[in-house]
Each structure stands twice: as structure tokens, then as C-alpha cells.
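Proteins get letters first, then strands, A, B, ... in listed order; numbering begins at 1 in each. Remember, predicted model here, so these are calculated numbers, not experimental data. What you see below is based on every heavy atom in this structure, not just the backbone, and it leaves out hydrogens, waters and symmetry mates.
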Number of protein chains: 2
Amino acid sequence: MSDLLERLRGRGWRMTAQRRVVAEVLDGDHVHLTADEVHARAAARLPEISRATVYNTLGEMVSLGEVIEVATDKRAKRYDPNAHRPHQHLVCGQCGQIRDVHPSGNPLTDLPASERFGFTISDVEVTYRGLCPSCAQAA
Amino acid sequence: MSDLLERLRGRGWRMTAQRRVVAEVLDGDHVHLTADEVHARAAARLPEISRATVYNTLGEMVSLGEVIEVATDKRAKRYDPNAHRPHQHLVCGQCGQIRDVHPSGNPLTDLPASERFGFTISDVEVTYRGLCPSCAQAA
DNA sequence: TGCTTGACTTAGACATTGTCCATTGTAGGA
DNA sequence: TCCTACAATGGACAATGTCTAAGTCAAGCA
């Protein structure tokens, strides 16, 4: 059963076939699909689902804080259902593979007050870049 | 005088009016323009410059390592001429203002081997998000 | 079960950002 | 000054995302 679906249902979300399919497609660990990939997978189960619905649904899940937008790739946004646990990302520069990772420290404390320019900081995103084992071997 | 321009010239870059204008527009601290903004500012000085040239020129400066692509914004890539000194970014979620910042620690050491999935990590990008003083006051 | 209603979905036009290519122009060396 | 390779142009195309008007349907209620 889909955790994500459960949480959305619990928030009084009106449930439709389209929303269910989008939530199911997006559920799991190390899942980081683009809107287009979500649409393709959703359409495999529900052929008449439209792109606009996928964008709307993803946007709503992001507003509800159940899904996170990730900009690891410089083309399309990716969607990460793992919003309940803070984590960062590790990206292979060759094949684009993405893993969720959990650094030990808190990067927030690394920014001295003198470097904050008076900003109120609420969030830190860290992206580690490199090569995955198979791409490193091929290189 | 433009530091960026100096460095590019020093690499035997063939100098044209268009490239000079792009380099001049991009020079400075805390500069993070989108390709489109670069084009607009360049066109103010050299009206017939084309979009393709701006994209090509930016792409070359990135390849040469003299300019960095930044994905703080989820729409367009931004270009940062401050490539000679490693730094991270602080972004206002309201007005989009971006500052270059220099955290004290090395975020690389925060990622334990068990969380590296065998990747060879070569780079870390950190983006601090929050509100700048004026947006925080308005909120 | 069968209405009613407002929220949801749809298709497609449109907007923005970025890439490509064939042609024309030009910087810099002989 | 002339040549030649490299650069610039502009317009078509591609990818991603947004918007709108009209149709459809989930959920509450009689």
C-alpha cells in the first residue's frame, strides 16, 4: 500500500483515479521522476490522463508538503516523495542516477553570521556530484 | 577593467565584439544572470547580438571553467562569473535575490562512506534558502 | 438510489528556455 | 591585403511548463 496515498487521503484530498495513479507512480525510495516520466508511467495505467493533470497534481502534492521538488538536473524538475525525512542528494554526472543520502552534520551551522547578510535561513539543499561505480569504471 | 575578460584573453580566446560584451555584462560580484538577462543587457550595447551567440558564448565560458552554471532558480539556469573562488549560494525565496557565501566547513566530510554508495564524489553544491531582510520585514 | 454542486480533468494553445543548422561575416595570421 | 578557420546570425525546432474554457465526476445529501 502506498504511504503517500494514505497521507494524502488523510488530508481530505478528493480522490480521483488520476490522483491515485500519480501518487502510486511516485511512491517509493530513491524515486526522482520528472513530470514527463510521471506522466508516461501514469498513462501506462490510465491512458487518457492529461499532462495538465499531472502537473496540477504534482504541484498540489508539493504545496501540501508531501512531495519535494528537486533541481539536481538542470533541465526538468524532479519529484521526490520522500518528504517526511530530511535528506540530501547524490547525483552521477554521467548517467544522472540519483540517490537519497543523509549527511552527518547540519550544514546550517557552517554558515557564520557574517556570511548571512541578515537573511532568515529556513532550509539548506546539498547536492553531491560525482560518478557512480559503473560510470567511474567505464571512464 | 574586466577580470573575466582578461582571463579569457589570456587563454587565447578569439575576441569579438559579441564576446566582449557578454563578458563585460557578466563581470562582477554577486552577479547571477539568466541567459535571457545576459542577452537583454548585451543587446543594450550591441543591438544585433543574437540569442544563439549568447548561449554559445556562455556555454564556452562554462567549458573553460571561467563561469559556473547555477540552478538555484528552478526555471532558467543562471551564470556566475565568480568561478575562481569556491563558494555557495544564499537565495531569498521571495524576491529571488542571490548572494555568494563562504561556509566554514567542508560539506564533503559530512558524508560518511556508508552513504556514498560507491560513488566518486568530486563536487558539492550547497544552497541556503530563506528570506532576505526586506522580504522578511514585509512578511 | 438519484440529484446537485463545486472541484477535477481535459485538450490544446501558448509561453519560456534552450538547441541546432545553414549561411554570412570577420579576426588574426601569412 | 588576402585567406581561412572560427564566430555570429536568425529562424526553425525541441523540451518543459502554464493557462483556459468546457466537459466530467466524487462526495454529500435527500
Please state whether the phosphate of [N], meaning OP1 or OP2, lies under 4.0 angstrom from any side-chain nitrogen or oxygen of [X].
| X | N | answer |
| --- | --- | --- |
| B:Ser50 | D:dA8 | no |
| A:Arg75 | C:dG18 | no |
| B:Gln18 | C:dG25 | no |
| A:Tyr55 | D:dG17 | yes |
| A:Thr16 | C:dC8 | no |

[X] [atom1] to [N] [atom2], straight-line distance once rounded to whole Å:
| X | N | atom1 | atom2 | answer |
| --- | --- | --- | --- | --- |
| B:Tyr79 | C:dT17 | OH | P | 12 Å |
| A:Ile49 | C:dG12 | CD1 | C1' | 17 Å |
| A:Arg78 | D:dA15 | CZ | C1' | 13 Å |
| B:Trp13 | D:dA8 | CH2 | C1' | 12 Å |
| A:Arg9 | D:dA26 | CZ | P | 14 Å |
| B:Leu58 | C:dT17 | CG | P | 14 Å |
| A:Glu37 | D:dA15 | CD | P | 14 Å |
| A:Glu69 | D:dT18 | CD | C1' | 13 Å |

**Request:** Please work out if A:Ala76 contacts a base, only the sugar-phosphate, or nothing of the nucleic acid, heavy-atom cut-off 4.0 Å.
**Result:**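 A:Ala76: backbone/sugar contact only, no base atoms under 4.0 Å.
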
**Asked** If you look at every strand shown and take non-hydrogen atoms under 4.0 Å, does B:Arg19 touch a base, only sugar-phosphate, or nothing?
**Response** sugar-phosphate

**Message:** Go nucleotide by nucleotide along DNA chain C from the 5' end; which of B:Met15 and B:Thr34 gets its closest nucleotide reached first?
**Reply:**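 Result of the comparison: B:Thr34.
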
**Fill in**
Between A:Arg51 and A:Glu60, whichever has its closest DNA chain C nucleotide further toward 5' is A:Glu60

**Asked** Do we see a donor-acceptor contact under 3.5 Å between the side chains of A:Asn82 and A:His30?
**Response** no

**Asked** Parallel, tilted or perpendicular for B:His87 and B:His102, by the 30°/60° rule?
**Response** tilted

**Request:** Could you check which of D:dT18, C:dT10, D:dT16 has an atom nearest any side-chain atom of A:Glu48?
**Result:** C:dT10

**B:Arg19 (side chain) donor-acceptor with B:Arg14 (main chain) under 3.5 angstrom** =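 Yes; judged by distance alone, with no hydrogens or angles, the pair exists.
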
**Exceeds 12 heavy-atom contacts within 6.0 angstrom, atom CZ of A:Arg116** = yes

**Prompt:** For atom CD of A:Glu69, is the number of surrounding heavy atoms from other residues, nucleotides or ligands below 6.0 Å larger than 12?
**Reply:** yes

**Complete:** The answer to which of B:Arg14 and B:Ala52 contacts DNA chain D further toward the 5' end, by nearest nucleotide, is B:Arg14

